Asker: 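I am attaching a structure below and will ask some questions about it afterwards.
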Amino acid sequence: MPLDLVQTLRDLVAIPSVNPMGRAVSGPEYLETRVTDYLQQLFHRLGLRHERQTIAPGRENIFAAIDETAQEDSPLVLLEVHQDTVPVEGMTIDPFGATVRDGRLSGRGSCDVKGGMTGMLGAVARLTELPIGRRPNVVLACTVNEEYGFTGATGLCRFWGDLKSPLFPRRPDAAIVAEPTRLGVVVAHKGVVRWRCRTAGRAAHSSQPELGDNAVYRMAAVVSALESYQQQVLSVADGHPLCGGPTLNVGTIAGGISVNTVPDRCAIEIDRRLAPGEEPVAAYRHVIDFVASRLAQREARSLAEQVTHEPPFMISPGLSDRDNGPLAQRLAAVARKVTGRGEQSGVPFGTDAAAIAASGVPTVVFGPGSIEQAHTADEWIDLAEVATASEILFRLLKEWE
């Protein structure tokens with residue numbers, strides 16, 4: 001059955017699937033459950049075999065196979081897209097209004113990445129209309145928790161590892177991951193390792209700060225060392241020709257309980273972006289060793305007992321362009337026929353593609369919209385791009401051999 005792309009995207013944006021991003025929050029707008037239920041109903045209407053995979057409470061991947069008659073030895077293509085969105089705080093539009101105006105649809109997730117999801121759904125719906133013997137062997141995977149951990153994509157890869165599923169008779173031969181790429185083919189992107197660093201002090205009344213040990217001041221020394229690491233080490237490090245060099249950023253800081261108390265604890269979150277090919281744990285350890293060395297030089301006594309680096313809470317390798325060349329060329333050629341352009345590029349942000357590629361599947365990233373529109377206060381996507389992305393994917397998969 002044909003799919004109304006505009007209505008489908010409106011439905012998806014109107015259903016909240018906000019990622020808590022590690023925060024202790026709750027409410028009907030959080031987690032992906034309602035989108036998963038919508039997709040299951042849609043797959044049922046399309047006559048697709050489907051299966052859900054629990055990743056965490058309220059968070060399930062859902063997979064749909066295009067054709068139950070596909071031979072096990074025929075090429076298997078994976079389409080992957082995440083269900084979650086970033087939070088909605090600070091938005092200047094109704095995040096779930098799914099407003100259509102001047103050829104654009106606005107709302108949280110419209111660009112990242114429900115527009116790309118709609119394009120994939122449209123292509124799959126059209127493929128189901130082909131005669132049985134001409135349908136390609138395709139699985140569409142809609143995963144959870146891309147924005148804060150990539151755990152859905154990691155769980156997906158278990159299906160061609162230690163898990164068994166009739167939808168995945170073996171490891172896919174190729175994978176296309178939906179993200180806003182302006183209909184270009186992304187062949188490489190950076191990885192990331194994130195962790196928390198904590199400093200300990202001793203509480204005291206702020207009228208007698210000499211009786212305490214200020215954990216915020218201790219953290220200031222750590223942050224200064226991290227800034228030096230970015231400027232002196234990473235800014236001159238070798239990078240990837242398509243993605244650029246590695247980076248480091250301190251994204252959050254929290255400490256103390258009141259303005260009139262010397263704080264006895266402080267915490268920061270560190271984001272270390274990796275060039276493709278960098279080893280995440282080695283990069284993490286290198287930062288920690290640099291900070292320890294700087295603190296030892298700066299302080300008369302060691303801060304080792306006052307500074308704690310927690311194990312990483314997110315690790316994702318970069319996407320390398322080493323093994324995805326034929327797939328990228330194939331997709332770019334179809335895009336060129338449809339749009340007149342088919343550029344291949346690298347990007348600095350990370351995606352689920354890294355986890356899939358790390359499992360041995362040639363993987364590229366492709367979709368409608370621009371990363372400049374993602375996560376914004378007035379997020380939107382061009383509806384014509386959604387339709388074009390769907391057409392490109394349909395043509396690519398219809399002729400897959």
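Keep in mind the model is a prediction, meaning the values are calculated, not measured.
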Asker: Under 4.5 Å between any side-chain heavy atoms of Leu242 and Val187, yes or no?
Answerer: yes
Asker: Between Arg395 and Glu391, does at least one N-O distance fall below 4.0 Å, as a salt bridge requires?
Answerer: yes
Asker: Examine distances only and state if a side-chain atom of Gln230 and a backbone atom of Leu248 form a donor-acceptor pair shorter than 3.5 Å.
Answerer: yes
Asker: With a 3.5 Å distance limit and no angle check, can you tell me whether Arg202 reaches the backbone of Leu211 through a side-chain donor-acceptor pair?
Answerer: yes
Asker: Ignoring hydrogens and angles, tell me if any N or O in the side chain of Ser206 forms a donor-acceptor pair with the backbone of Asn260 under 3.5 Å.
Answerer: yes
Asker: For Phe366 versus Leu183, what's the shortest heavy-atom pair and its separation?
Answerer: CE1-O, 3.4 Å
Asker: If we ignore hydrogens and angles and just use 3.5 Å, is the side chain of Glu279 paired with the main-chain N or O of Val281 as donor and acceptor?
Answerer: yes
Asker: I'd like to know if the side chain of Asp378 reaches the main chain of Met91, judged simply by a donor and an acceptor atom lying under 3.5 Å from each other, with no hydrogens or angles considered.
Answerer: no
Asker: Describe, in one word, how the ring planes of Trp195 and His309 are oriented to each other, choosing from parallel (under 30°), tilted (30 to 60°) and perpendicular (over 60°).
Answerer: tilted
Asker: Given side chains that start at C-beta, do those of Leu274 and Val193 come closer than 4.5 Å, heavy atoms only?
Answerer: yes
Asker: Should Gln53 and Asn61 be marked as a side chain to side chain donor-acceptor pair (under 3.5 Å) after you check the CA-CA gap, both sets of side-chain angles, and the distance that decides it?
Answerer: CA-CA 5 Å; Gln53 177 195 22; Asn61 292 340; 3.0 Å; yes
Asker: Decide yes or no for Phe394 and Val124: does some side-chain heavy atom of the first lie under 4.5 Å from some side-chain heavy atom of the second?
Answerer: no
Asker: Rounded to the nearest 0.5 Å, how far does CG of Asp11 lie from CG of Leu42?
Answerer: 9.0 Å
Asker: Decide, yes or no, whether a salt bridge links Arg336 with Glu343 under the criterion of side-chain N to carboxylate O below 4.0 Å.
Answerer: no
Asker: Mind listing the closest non-hydrogen atom pair of Leu319 and Thr363 along with its distance?
Answerer: CD1-O, 3.8 Å
Asker: Should we say atom NE2 of His50 is surrounded by more than 12 heavy atoms from elsewhere, each under 6.0 Å from it?
Answerer: yes
Asker: List the steps and the verdict of side chain to side chain contact (heavy atoms under 4.5 Å, CB included) for Glu269 and Val250.
Answerer: CA-CA 6 Å; Glu269 291 183 317; Val250 177; over 6 Å; no
Asker: Under the criterion side-chain hydrogen bond (donor to acceptor under 3.5 Å, both in side chains), which of Arg59, Gln41, Gln83 is the partner of Thr36?
Answerer: Gln83
Asker: Give me the atom names and distance for the closest heavy-atom approach of Pro95 to Val13.
Answerer: O-CG1, 3.9 Å
Asker: With a 4.5 Å heavy-atom cut-off, do His286 and Asp289 have their side chains touching?
Answerer: no
Asker: Has the side chain of Arg34 got a donor or acceptor atom that lies under 3.5 Å from a matching backbone atom of Pro28?
Answerer: yes
Asker: Could you tell me how the ring of Phe168 sits relative to the ring of Phe159: parallel (under 30°), tilted (30 to 60°) or perpendicular (over 60°)?
Answerer: parallel
Asker: Please confirm whether Phe150 and His82 have ring centers closer than 6.0 angstrom.
Answerer: no
Asker: Report the C-alpha distance between Leu79 and Val139 in whole Å, list the side-chain angles of each, state the deciding distance to 0.1 Å, and finish with yes or no for side chain to side chain contact (heavy atoms under 4.5 Å, CB included).
Answerer: CA-CA 6 Å; Leu79 303 179; Val139 176; over 6 Å; no
Asker: Could you tell me whether the side chain of Val338 reaches within less than 4.5 Å of the side chain of Thr388, counting heavy atoms only?
Answerer: yes
Asker: Identify the heavy atoms of Ala123 and Ser390 that sit nearest to each other, and give their distance.
Answerer: N-OG, 3.1 Å
Asker: Which atom names give the shortest non-hydrogen contact between Ala221 and Leu295, and what distance separates them?
Answerer: CB-CD2, 3.7 Å
Asker: What is the distance from atom CG of Leu397 to atom CG of Leu127, rounded to the nearest 0.5 Å?
Answerer: 5.5 Å
Asker: Run the side chain to side chain donor-acceptor pair (under 3.5 Å) test on Thr261 and Ser258 for me, step by step, so that the C-alpha distance in whole Å, both residues' side-chain angles and the decisive distance to 0.1 Å come before the verdict.
Answerer: CA-CA 6 Å; Thr261 301; Ser258 67; 2.8 Å; yes
Asker: Using side-chain heavy atoms (C-beta onward) and a distance below 4.5 Å, is Tyr30 in contact with Asn19?
Answerer: no
Asker: Just do the side chain to side chain donor-acceptor pair (under 3.5 Å) check on His189 and Thr351 with the steps written out, would you?
Answerer: CA-CA 8 Å; His189 66 60; Thr351 78; 2.9 Å; yes
Asker: Indicate yes or no: does Arg52 engage Asp37 in a salt bridge with an N to O separation below 4.0 Å.
Answerer: yes
Asker: Applying side chain to side chain donor-acceptor pair (under 3.5 Å), run through Thr33 and Glu60 and close with a yes or a no.
Answerer: CA-CA 7 Å; Thr33 300; Glu60 293 180 280; 5.9 Å; no
Asker: Side chain of Ser110, backbone of Ser106: donor and acceptor closer than 3.5 Å?
Answerer: no
Asker: For Phe313, does the six-membered ring have the charged nitrogen or CZ of Arg194 within the cation-pi criterion, i.e. under 6.0 angstrom from the centroid and within 45° of the normal?
Answerer: no
